[in-house]
Enquirer: 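Sharing a structure below in structure tokens format, with a few things to ask.
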Amino acid sequence: MKTPGSLALDSSVIVQHLRARNPSLTAQLKAAAELYLPLTALGEMLYGIRKSGNDPRAVQQWSEFSKNVVLLPSDEATASAYAELKAHLAAMGKLIPENDIWITASAKSHDLPLLCSDAHFDYLKEVMSVIQV
């Protein structure tokens with residue numbers, strides 16, 4: 001694990017934070033030792049900005065937020081974690097969106113808890129640390 005108290009972030013919690021929808025989430029992010037961003041979540045965030053027509057407010061918010069996160073690269077360990085997590089989900093008959101499997105795989109391969117808000121991440125709590133907001 002990285003520094004104790006560090007978190008990997010799903011894009012759903014970043015969006016909530018940037019839209020100021022959850023003050024306790026914002027406090028949790030500020031209290032974290034370090035914030036890590038899986039590469040797939042970065043792609044989701046950049047897509048959202050593009051989808052907004054590159055809204056200057058969204059671009060500015062992302063620019064400020066992204067200064068405080070460390071990008072988690074994908075590598076062979078991430079691919080191995082992906083295979084493990086997808087097999088776990090398939091055995092349960094509970095598949096989730098592919099991007100979310102890659103995001104969790106990145107967190108797992110870097111031994112980081114994943115901070116998320118989508119209920120389907122609960123299916124992975126048996127095999128990795130998942131923190132729901």
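The residues of the chain are indexed from 1 along the displayed sequence. Just so you know, these numbers use all the heavy atoms, side chains as well, and skip hydrogens, waters and symmetry mates.
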Enquirer: When clusters are formed by joining ILVMFWY residues with side-chain heavy atoms under 4.5 Å apart, either directly or through shared neighbours, do Val69 and Leu112 land in the same one?
Expert: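 Val69 does not cluster with Leu112.
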Enquirer: Quick check for you: to the nearest 0.5 Å, what is the distance between Thr104 atom OG1 and Glu84 atom CD?
Expert: 10.0 Å
Enquirer: Taking all heavy atoms of Pro73 and all of His110, pick out the closest pair and write down the distance.
Expert: O-CE1, 3.3 Å
Enquirer: Just wondering, do Leu42 and Trp62 contact through their side chains at under 4.5 Å, heavy atoms?
Expert: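 Result yes, sub-4.5 Å side-chain heavy-atom pair found.
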Enquirer: Would you say the ring centroid of Phe65 lies under 6.0 angstrom from that of His17?
Expert: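 When the ring centroids of Phe65 and His17 are compared, they turn out to be within the sub-6.0 Å range.
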Enquirer: Ignoring hydrogens and angles, write down the donor-acceptor pairs under 3.5 Å from the side chains of residues 123-132, residues two or more places apart or on other chains.
Expert:
{"from": "Lys125", "atom 1": "NZ", "to": "Asp122", "atom 2": "OD1", "distance (Å)": "3.3"}
{"from": "Gln132", "atom 1": "NE2", "to": "Asp118", "atom 2": "O", "distance (Å)": "2.8"}
{"from": "Gln132", "atom 1": "NE2", "to": "Asp122", "atom 2": "OD1", "distance (Å)": "3.1"}

Enquirer: Treat each ILVMFWY residue as a node, draw an edge where side-chain heavy atoms are under 4.5 Å apart, and state whether Trp102 and Phe121 are in one component.
Expert: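 In one cluster: yes.
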Enquirer: What is the distance from atom CG of Asp100 to atom CG of Leu95, rounded to the nearest 0.5 Å?
Expert: 12.0 Å
Enquirer: Within the side chain of Ser80, is there an N or O that forms a donor-acceptor pair under 3.5 Å with the backbone of Glu76?
Expert: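 Checked: no pair found.
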Enquirer: With rounding to the nearest 0.5 Å, note down the distance linking CD in Gln28 to CG in Leu7.
Expert: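 Between Gln28 CD and Leu7 CG, I get 6.5 Å after rounding to 0.5 Å.
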Enquirer: Quick one: pull up NZ in Lys94 and CG in Leu89 and give me the separation to the nearest 0.5 Å.
Expert: 10.5 Å
Enquirer: Ignoring hydrogens and geometry, is there a side-chain-to-backbone donor-acceptor pair from Asn22 to Leu25 under 3.5 Å?
Expert: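 Yes; judged by distance alone, with no hydrogens or angles, the pair exists.
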Enquirer: Do the side chains of Tyr36 and Val133 join up, straight or via other hydrophobic residues, at under 4.5 Å, putting them in one cluster?
Expert: no
Enquirer: Verify, without hydrogens or angle tests, whether Thr3 (side chain) and Ser6 (backbone) share a donor-acceptor contact under 3.5 angstrom.
Expert: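 Side chain of Thr3 to backbone of Ser6: no pair is present.
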Enquirer: Taking all heavy atoms of Ser109 and all of Thr78, pick out the closest pair and write down the distance.
Expert: OG-OG1, 3.2 Å
Enquirer: We want to know whether Ser12 and Ser117 form a side-chain donor-acceptor pair, criterion being a heavy-atom distance below 3.5 angstrom.
Expert: yes
Enquirer: Taking atom CG of Leu18 and atom CD of Glu64, what is their separation to the nearest 0.5 Å?
Expert: 10.5 Å
Enquirer: With the 4.5 Å side-chain cut-off for hydrophobic clustering, are Tyr47 and Ile101 part of the same group?
Expert: no
Enquirer: Roughly how far, to the nearest 0.5 Å, is the CG atom of Leu9 from the CD1 atom of Ile103?
Expert: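 Answer rounded to 0.5 Å: 10.0 Å.
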Enquirer: Under 3.5 Å, side chain of Ser63 to main-chain N/O of Val59, donor-acceptor pair present?
Expert: no
Enquirer: Which heavy atom in Ala107 sits nearest to a heavy atom in Leu114, and how many Å separate them?
Expert: CB-CB, 4.1 Å
Enquirer: So does Arg21 get a backbone contact from the side chain of Gln16, meaning a donor-acceptor N/O pair under 3.5 Å?
Expert: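 No, Gln16 side chain to Arg21 backbone: no donor-acceptor pair under 3.5 Å.
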Enquirer: In terms of hydrophobic clusters joined by side-chain contacts under 4.5 Å, are Leu37 and Val70 together?
Expert: no
Enquirer: Which heavy-atom pair separates Ser106 from Leu72 by the least distance, and what is that distance?
Expert: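 Shortest heavy-atom contact: OG-CB, 3.5 Å.
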